[in-house]
2 protein chains.
Amino acid sequence: MQNTQNRITIKDIAKRANVSPRSVSLALNNEGRLSSATRENILKIAKEMDYQPNILARGLVNQKTYMIGVVLPYLTNSFFTNIISDIEERCLADGYDILLGNSSSTIKSEKGSIERMVNRRVDGIICCPDPRYFEFYNKLLGTGIPLIQIMTHIKGIDAKSLLVDDEEGGFLATNHLLELGHEKIGFVSFHEDYYEEIQLRGQGFRRALVKNGISLDLERFEMPSDLTIKGGYDAAVKLLQKNPDITAIFSSTDLAALGVIEACLDVGKRVPEDISVVGYDDIDFASLQIRYPLTTIAQPKDQIGALAFEMLKSLIAGNQPESILLKPELVVRKTTGQK
Amino acid sequence: MQNTQNRITIKDIAKRANVSPRSVSLALNNEGRLSSATRENILKIAKEMDYQPNILARGLVNQKTYMIGVVLPYLTNSFFTNIISDIEERCLADGYDILLGNSSSTIKSEKGSIERMVNRRVDGIICCPDPRYFEFYNKLLGTGIPLIQIMTHIKGIDAKSLLVDDEEGGFLATNHLLELGHEKIGFVSFHEDYYEEIQLRGQGFRRALVKNGISLDLERFEMPSDLTIKGGYDAAVKLLQKNPDITAIFSSTDLAALGVIEACLDVGKRVPEDISVVGYDDIDFASLQIRYPLTTIAQPKDQIGALAFEMLKSLIAGNQPESILLKPELVVRKTTGQK
DNA sequence: CATATTAAGGTAAACGTTATACCATTCATA
DNA sequence: TATGAATGGTATAACGTTTACCTTAATATG
């Protein structure tokens, strides 16, 4: 099948309307000085011929594509797809489109995605940068492309960020457990240290302990993990072995929390009667769990997409938006209870 | 901040290399007859200047954008995001990018998304069309744009489709229950009839009954629902009221199945000891359920994205790929058991 | 009535590529 | 020694818009 797409151009309309291409352009964009008679005639003909503007050509001369790049990890993670969905909604309203990129698999894919978007001359980029690529992003920003980093950020690069206060989140989670009377609390942390944000959750954990005058031997109560389900499971098993008197566990992600709960149940502990579990992220399935809907820290995900787009738009318009730090919220469901 | 993006063009390189722009183009695309000396020199300079091709300009002259549009409903549904993720992976390998569209909210958004993509001159579209928009799609296809419909299809339009055999899926689910000895089986159906695919699940359900010589009063055993969690919950409550002797329920989606299970547990039935539940889709949280991992029908989601892209590529290349009907699979987990 | 102003629209050049067509050389061949 | 092919390159015109800069005619101004 030949692609015989609608190739009506502005010139075709011009010919039919007996005017110059310029007049057609003016009429279509409702600009300039044209008699309303010609203007209306042109618009009528354009409609008749089912004219569709070629946005490429327009972009070429305007130096503006009305496309933004969105590069997030884990396109299958509902947390990120919620954000994309929100951004998309905002984009539409402003005539922007989203060029999608996935940074999850490899270094190559994150840098590759961004480079492709630059080549496509997107007007700006929203991304969740891997903190290890300082050099790359630093150079990228040197070219002046508007970029907003969300959820994570790279220290020292010249880009505004939209973050959620992970330290506060860690504090909220832990404080909730303390208020329920728990004192022996396990913490499932992340085994890599380059993501500052996730480490901050641990700082919040520690601050809450200190504030409540509780001192724990962190060598025993903190267990690093890759934060997958299996990772959470293994971490919980070890925590319970080391500390049989544990009555609560705070997991750095919901996914790992799932594993934690499985592990607790498998060793015969009831949740939350014998052991309370708090997750982090409020990922979709946290609320969708049958019988074990997860108590967790919710990121304000319904704001993130929209705010990020606003910031980017402002940047594109030449302004200097401020970085934003959003506050997380505790969502109490059924996996935590009184000690 | 001014956007001072990298605006090195082919002409800048030409000047530095003392050759014509044409030669630069040839060198960069590794075409034509150029002495290896000049070719290498050009490439070297291009690299030094950190040249990035302008894909817009290229697309304008080639009449090819190397972008494809992907328009799916529910960007937040992991089933669809898995597909997008797979398509994206394939795209990359072939130098394509994805322009994202969401058709979930309104008619306007589905048609709007597609129209925007056409204006952007995408090389092709993968979509999940709403069967009610026959006219729109029919006209669209008249323009010759390559389009592949996945998961759903519109009867009578000239577009190839990639579908999964929902009738077979319904059969598999029901047959599984019958093999476990269940005879009084409830069925949660979809309350709208325009999605032929979902109705087919019901046909498979009925075929399995007939094949096993079981006759049920479908007035009593089939319950229409909107297939949300709440819808599933309500449907199950009604089914159990009408038929206290029910020992199994087949739900047209996993989401509704979640509600079904909640309802069963709430009226004091154990799952699967007292009542077995089968879902449909194998959505992420089906396997992520703590204690209630769902027995369900899995769509071959790891194939769909890749196959759809291959079909589209073939179409773009001017070939006529065949429509494909994939087979679903039964995944037995923990919500079904012997009667 | 001469001149300035303005309304309405045209011409042609951009934007950054690639494609078509053509022009020089050089070198082997009859 | 013409002739033809191979080699290495260039000039120019697209692609579909927008825009800077003209032109013309009509109207206003004094």
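Protein chains get the first letters and strands the later ones, always in sequence-line order, with residue 1 at the start of each. Just so it is clear, the structure is predicted and the values come from calculations on it, not from any experiment.
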message = Just the rounded figure in Å: distance from P of D:dC15 to CG of A:D12.
response = 10 Å

key: Nearest-neighbour nucleotide for the B:K11 side chain, C:dC15, D:dG16, D:dA14 considered   = C:dC15

request  = Return no unless some side-chain N or O of A:Q63 is found under 4.0 Å from OP1 or OP2 of C:dG16.
outcome  = yes

ask   = When the distance from CZ of A:R120 to P of C:dC15 is rounded to whole Å, what number comes out?
value = 22 Å

query = Which listed nucleotide (C:dG10, D:dA11, C:dG16) is nearest to the side chain of A:V19?
reply = C:dG10

task = Using only side-chain N and O atoms of B:S25, determine if any of them is under 4.0 Å from OP1 or OP2 of C:dT18.
result = yes

task = Would you kindly give the CG-to-P distance between B:N30 and C:dT18, to the nearest whole Å?
result = 13 Å

request  = Kindly assign one of parallel, tilted or perpendicular to the pair B:Y74 and B:F80, based on the angle between their ring planes and the thresholds 30° and 60°.
outcome  = tilted

ask   = For B:K64 and C:dA19, what is the distance between atoms NZ and C1' respectively, to the nearest whole Å?
value = 17 Å

query = Hey, does B:R120 have a side-chain heavy atom less than 4.5 Å from the side chain of B:T65?
reply = no

query = Nearest-Å distance, CD1 (B:I8) to P (C:dC15)?
reply = 14 Å

Between B:R39 and B:N30: side-chain donor-acceptor atoms closer than 3.5 Å = yes

inquiry  = What is the separation between atom CD on A:E31 and atom C1' on C:dG9, rounded to the nearest whole Å?
reply    = 15 Å

ask   = Any side-chain N or O of A:T38 less than 4.0 Å from the OP1 or OP2 oxygen of C:dA8?
value = no

ask   = So, is A:N29 close to the D:dT18 phosphate, meaning a side-chain N or O under 4.0 Å from OP1 or OP2?
value = yes

query = Cation over ring, A:R132 on A:Y194, under 6.0 Å and within 45°?
reply = yes

message = If you apply the rule salt bridge (charged side-chain N to carboxylate O under 4.0 Å, His left out), what do you find for B:E135 with B:K139, and how did you get there?
response = CA-CA 6 Å; B:E135 281 307 333; B:K139 185 178 162 207; over 6 Å; no

ask   = Taking OP1 and OP2 of D:dG9, is either one under 4.0 Å from a side-chain nitrogen or oxygen of B:S35?
value = yes

request  = Check whether any side-chain nitrogen or oxygen of A:Q52 sits under 4.0 Å from OP1 or OP2 of D:dG16, and answer yes or no.
outcome  = no

ask   = Distance check: side-chain N/O of B:Y66 vs OP1/OP2 of C:dT17, anything under 4.0 Å?
value = no

ask   = Within the structure, does a side-chain N or O atom of B:S23 lie under 4.0 Å from either OP1 or OP2 of D:dT10?
value = yes

query = What is the distance from CD1 of B:I10 to P of D:dT10, rounded to the nearest Å?
reply = 13 Å

message = Does A:R33 reach a base, just sugar-phosphate, or nothing at all? Heavy atoms under 4.0 Å.
response = base

ask   = Looking at B:T9, does any N or O in its side chain come under 4.0 Å of the phosphate oxygens OP1/OP2 on C:dG16?
value = no

message = Reading DNA chain D from 5' onward, which residue's closest nucleotide shows up sooner: A:L56 or B:N18?
response = B:N18

inquiry  = With a 4.0 Å limit, can you tell me whether A:N54 has a side-chain N or O closer than that to the phosphate oxygens OP1/OP2 of D:dC15?
reply    = no

message = Tell me the interatomic distance from A:N41, atom CG, to C:dG9, atom C1', rounded to whole angstroms.
response = 14 Å

request  = Using side chain to side chain contact (heavy atoms under 4.5 Å, CB included) as the criterion, point out the one residue from B:N77, B:N82, B:T81 that pairs with B:D284.
outcome  = B:N82

request  = Would you indicate, yes or no, if C:dG10 has its OP1 or OP2 atom less than 4.0 angstrom from a side-chain nitrogen or oxygen of A:R22?
outcome  = no

inquiry  = Please compare B:S36 and A:R58 by the position of their nearest nucleotide in DNA chain D and report the one closer to 5'.
reply    = B:S36

